[in-house]
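For reference, the structure is listed below as C-alpha cells.
For ligands, and for the atoms within them, numbers begin at 1 and follow the listed sequence. Small disclaimer: the values here were computed from a predicted structure and weren't measured.
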Amino acid sequence: MKNPKQKTVTKPALRDGSNAMRRPRPVRPYALYTPAEVHEIFRRFSVQRPEPKGELEHVNAFTLLVAVVLSAQATDAGVNKATRALFAAADTPQKMRDLGEERVGDHIRTIGLWRGKAKNVIALSEALLRDHGAEVPGDRDALVKLPGVGRKTANVVLNMAFGQPTMAVDTHIFRIGNRLGLAPGKTPEQVEEGLVRIIPAEYMGHAHHWLILHGRYVCKARKPECTLCVIADICKAAEKTNAIPAPLVEIGTVPEVVAEDI
Ligand code: SF4
C-alpha cells in the first residue's frame, strides 16, 4: 500500500543540461522513522519477548529446512501436525531419502501442494547427501540451489540454525514493513533490504521473529489490535486506531491474544 507521506524525488539536471539527468528518477521509498525511533521499537520488542522462538517444530537444521519448505502457503500449526510423525521417522537426509517420496507424501497429505513438496523434500535430501556431506550448508548461495529452497527459506534457516542476522520476509513482515512505513517496498527483497539497513545490529538476531510475532498476534492483516500494541505511540501507520502504547511487559505475564496466520 502506498504511504501518503512517501515522496518521489527527482535528481537535478546537470549543469550542461543533458536530457538524461532531467528525466524523473523514482527512488526507493524511505523509512519514516528516525534511528532513535527504530531503536526504541526493537528495544520494546526485546522486553516483550526476550527469547523469541519460531513456531515451526524441528529437531535439527535439516528438519528446520524441511519444515520451512513445507510451510509455503500453509500455517505453522498445519505443518507441525504433519511433521511430528514425519520427523520421528526421518530426521536426517539419509533417512528421508530412504523413506521415499510416496511415504513422505503420505505424511504431508494435509498440507497444501503436498505432491510437489514431497518431491522437493526427497530431491533436497539427495542434494545434501551428494553435495554437502549430509549437512545443511550455512551459506545462502548454496541453500538457494537446493530444490524447493528460495531466498526466504534460506534466510529463515540461516537465522534460526546458524544465528546469522538475516531477515526472511514473510506475509507478516511484508505487511508491517509497508503498513508502518518502516521499510516500504513493492517486493519482499526491497522490504528485506530496507529492514536490514535500519534495524540496529544488536537487534538483528531476533528481529525476524519479533516482526512475525507482532504481525501474527497484534498488527494483524485485517484489523490491527492497536490497543494491545507496545509501539502504538511511535507507529505512523495510516490504519492506526490508538496512540497509547500497551503496558510493556514480557509476553506470558499477560493473557495471550489470538493469532492470525497467513
Ligand atoms: S499501532 Fe496498530 S498499526 Fe501500528 S504497529 Fe501497532 S497494531 Fe500495527
* If you measure from the Lys or Arg side-chain nitrogens to the Asp or Glu carboxylate oxygens, is any gap between R216 and D170 under 4.0 Å? -> no

* Using a strict cut-off of less than 4.0 Å between a Lys/Arg side-chain nitrogen and an Asp/Glu carboxylate oxygen, indicate whether R151 and E192 qualify as a salt bridge. => yes

* Asked: Looking at side-chain heavy atoms only, is the closest gap between T110 and K81 below 4.5 Å?
  -> no

* Asked: Leaving out waters, which are not shown anyway, how many protein N, O or S atoms lie closer than 2.8 Å to atom 2 (Fe) of ligand 1?
  -> 1

* State, with a plain yes or no, whether a side-chain heavy atom of H107 is found less than 4.5 Å away from one of L99. => yes

* Asked: L129 and V104: same hydrophobic cluster, using ILVMFWY side-chain contacts below 4.5 Å?
  -> no

* Subset of ligand 1 atoms that lie under 4.0 Å from at least one heavy atom of H214 -> 5 (S)

* Using a distance-only test with no angle check, is there a side-chain donor-acceptor pair under 3.5 angstrom linking Q48 and H214? -> no

* Asked: Applying a strict 4.0 Å limit to heavy atoms, is K236 in contact with ligand 1?
  -> no

* To do: Could you tell me how the ring of Y203 sits relative to the ring of W210: parallel (under 30°), tilted (30 to 60°) or perpendicular (over 60°)?
  => perpendicular

